[in-house]
Amino acid sequence: MSESWRRSLAAHVDPERPSPPLVYPPDQLRASGAAHPLHDLLPLLRATLASIAADAMHLMRVTDAEGHVLWREGASALLTEADRVGLSPGTCWSEDAIGTSAMGTALATDAPVQIHSADHLVRTDHSWTCVAAPVHDPDTGAILGAIDISGPLHAVHPPLLQLVSATAQLAESQLRVRLAIADERLRTRNMPHLTSLGGAPGALVTSTGRVLAAQPAGWWPDRVDLREAVDRVVQVHGCDMLVEPLAEGCLLRARGPVHRAPAPRPATALFLRCMTEDTPSVVVGGRAVPLCLRPAEMLTVLALHPAGLSAERLAHLVYGDDGNPTTVRGEVRRLRRLLEDGLLATRPYRLTATVGSDFGAVRAALAAGRLRTALASCAGPLLPRSESPEVRELRDELGAALRRAVLEDGDTALLCDFAAHPLGRTDLEVHDRLVELLPPRDPRLGPLTARRSRLQAD
């Protein structure tokens, strides 16, 4: 919660503020709610959560992506008390508006969250506990809003976080079904426009830029940014494509005659630097991009599985038993913003570029018996702060394999290098071996003996 409090205080939210701001009067609220993508899912949400909330003395609320409460249902006995602290339709519960709360923090972090009592920044909310989970647009991946269950402290139920998270996933599943139906309808009705192009490059594209059908196969990206169109012309792989609006979506076709299909772009190479005590990074097109821990973990796991992973499998490998696909989708969206377009594909999640890594280089050098190369290829343990099961397993494997190989090799100079390396400088056995091997007047012996004494004392 400390990060949420820092964000809230940076936005100048007053902990003594009595209630959130009202942003929608009743007439405007009705219009905004009716136009929102989650409106059609209200029967599902009522059937799943609202009745449970009422029976358990809780309220169900649904917000838009900005944290504006569009709908509220639940225990009638709570409504008056809820209104006193602003838990009512039309109010804004973003972190910028009212500080740390389940709705605002779920939207800010793009992950399910529970906020209990004094975890709330604003003191008038300390008598409440709430859980919320974001809901995403299956088309663009953008957050549509959040589903929240709130209630007084005495009515708190531990399984609520899992229930709200599951309901958000169910809502997204329904949205995916509706999207698939709309996609198939667009394809079926408009395929004649595409086939009329003969063999010329063309594509049927949704209004948001997703490519549903295209020719030639394998050349088109998954998505085209139609916002970049100028005079109804958008560039795809450097070629001008004319945008022709259809009743649903649009047709992209090559502008002017094309005598042969353009060649696909070569895949951009990625290089991961994750075996370091410093900030990990990814090199994309010669540009080094610093990585926070979670994106580094995701890229490492994806690099280890080039054939791709489902959202469920990726969640398990990164988060362990607590992982869920909703969290993975949020992390993937953030990751895609760091990389070039088209480098991270979905269904399954996979890297489409040629991928190199320091941990891959260490693995290959160890397999070939090139121990100096293996040691020089890394600047530290693999993502030392990571608790990801897949990362932790590889970190232990590489560290143990390199240590064992260096100890068994018998090269004193190599062993000294390992003792000075982050992987070996706290290894007492390595220092014991060197103290035995080095001659009495070797200048390296003094510092090694002093470090060995410190390790023994620790």
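Reckoned from all heavy atoms, side chains included, excluding hydrogens, waters and symmetry mates. Small disclaimer: the values here were computed from a predicted structure and weren't measured. One-based numbering along the sequence shown.
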> Are a donor atom and an acceptor atom from the side chains of R313 and H305 found within less than 3.5 Å of each other?
Replying inline: no

> Any side-chain donor-acceptor pair under 3.5 Å between T300 and E390?
Replying inline: no

> Of the non-hydrogen atoms in C250 and L226, which two are nearest, and what is the gap between them?
Replying inline: SG-CD1, 4.0 Å

> Taking F271 as the fixed residue, which of T354, V282, V283, V284 is the one that meets the side-chain contact (heavy atoms from CB on, under 4.5 Å) rule?
Replying inline: V283

> Taking only residues two or more places apart in sequence, or in another chain, which ones meet H68 in a ring pair (Phe, Tyr, Trp, His ring centres under 6.0 Å)?
Replying inline: Y24

>> Quiz question: by atom type and distance under 3.5 Å, do the side chains of S388 and E297 form a donor-acceptor pair?
In response: no

> Hey, are T208 and T140 close enough side-chain-wise for a donor-acceptor pair under 3.5 Å?
Replying inline: no

> So with a 6.0 Å cut-off around CD of E244, is the heavy-atom count from everything else above 12?
Replying inline: yes

> Does any non-hydrogen side-chain atom of V13 lie less than 4.5 Å from one of V122?
Replying inline: yes

>> One thing to verify: whether R223 and D139 come together as a salt bridge, which I'm taking to mean a side-chain N less than 4.0 angstrom from a carboxylate O.
In response: yes

>> Ignoring hydrogens, what is the shortest heavy-atom contact between L38 and T63? Give both atom names and the distance.
In response: CD1-O, 4.2 Å

> Heavy-atom distance under 4.5 Å between the side chains of P112 and V131, does that happen here?
Replying inline: no

>> Regarding H431 and R451, do their side chains bring together a donor and an acceptor under 3.5 Å, going by distance alone?
In response: yes

>> Going by side-chain contact (heavy atoms from CB on, under 4.5 Å), M103 matches just one of V69, V62, V113. Which one?
In response: V69

> Does atom CZ of R385 have more than 12 heavy-atom neighbours from other groups under 6.0 Å away?
Replying inline: no

> If we ignore angles and hydrogens, is there a donor and acceptor under 3.5 Å between the side chains of S94 and D96?
Replying inline: no

>> Quick check for you: to the nearest 0.5 Å, what is the distance between L186 atom CG and L204 atom CG?
In response: 6.5 Å

>> Testing the 3.5 Å rule here: is there a donor-acceptor pair between the side chains of H120 and S101?
In response: no

> So do the side chains of C292 and R294 get within less than 4.5 Å of each other, counting heavy atoms only?
Replying inline: no

>> Just verifying a value: how many Å separate L144 CG and L175 CG, rounded to the nearest 0.5 Å?
In response: 6.5 Å

> Do NZ/NE/NH1/NH2 and the carboxylate oxygens of D278 and R273 come within less than 4.0 Å?
Replying inline: no

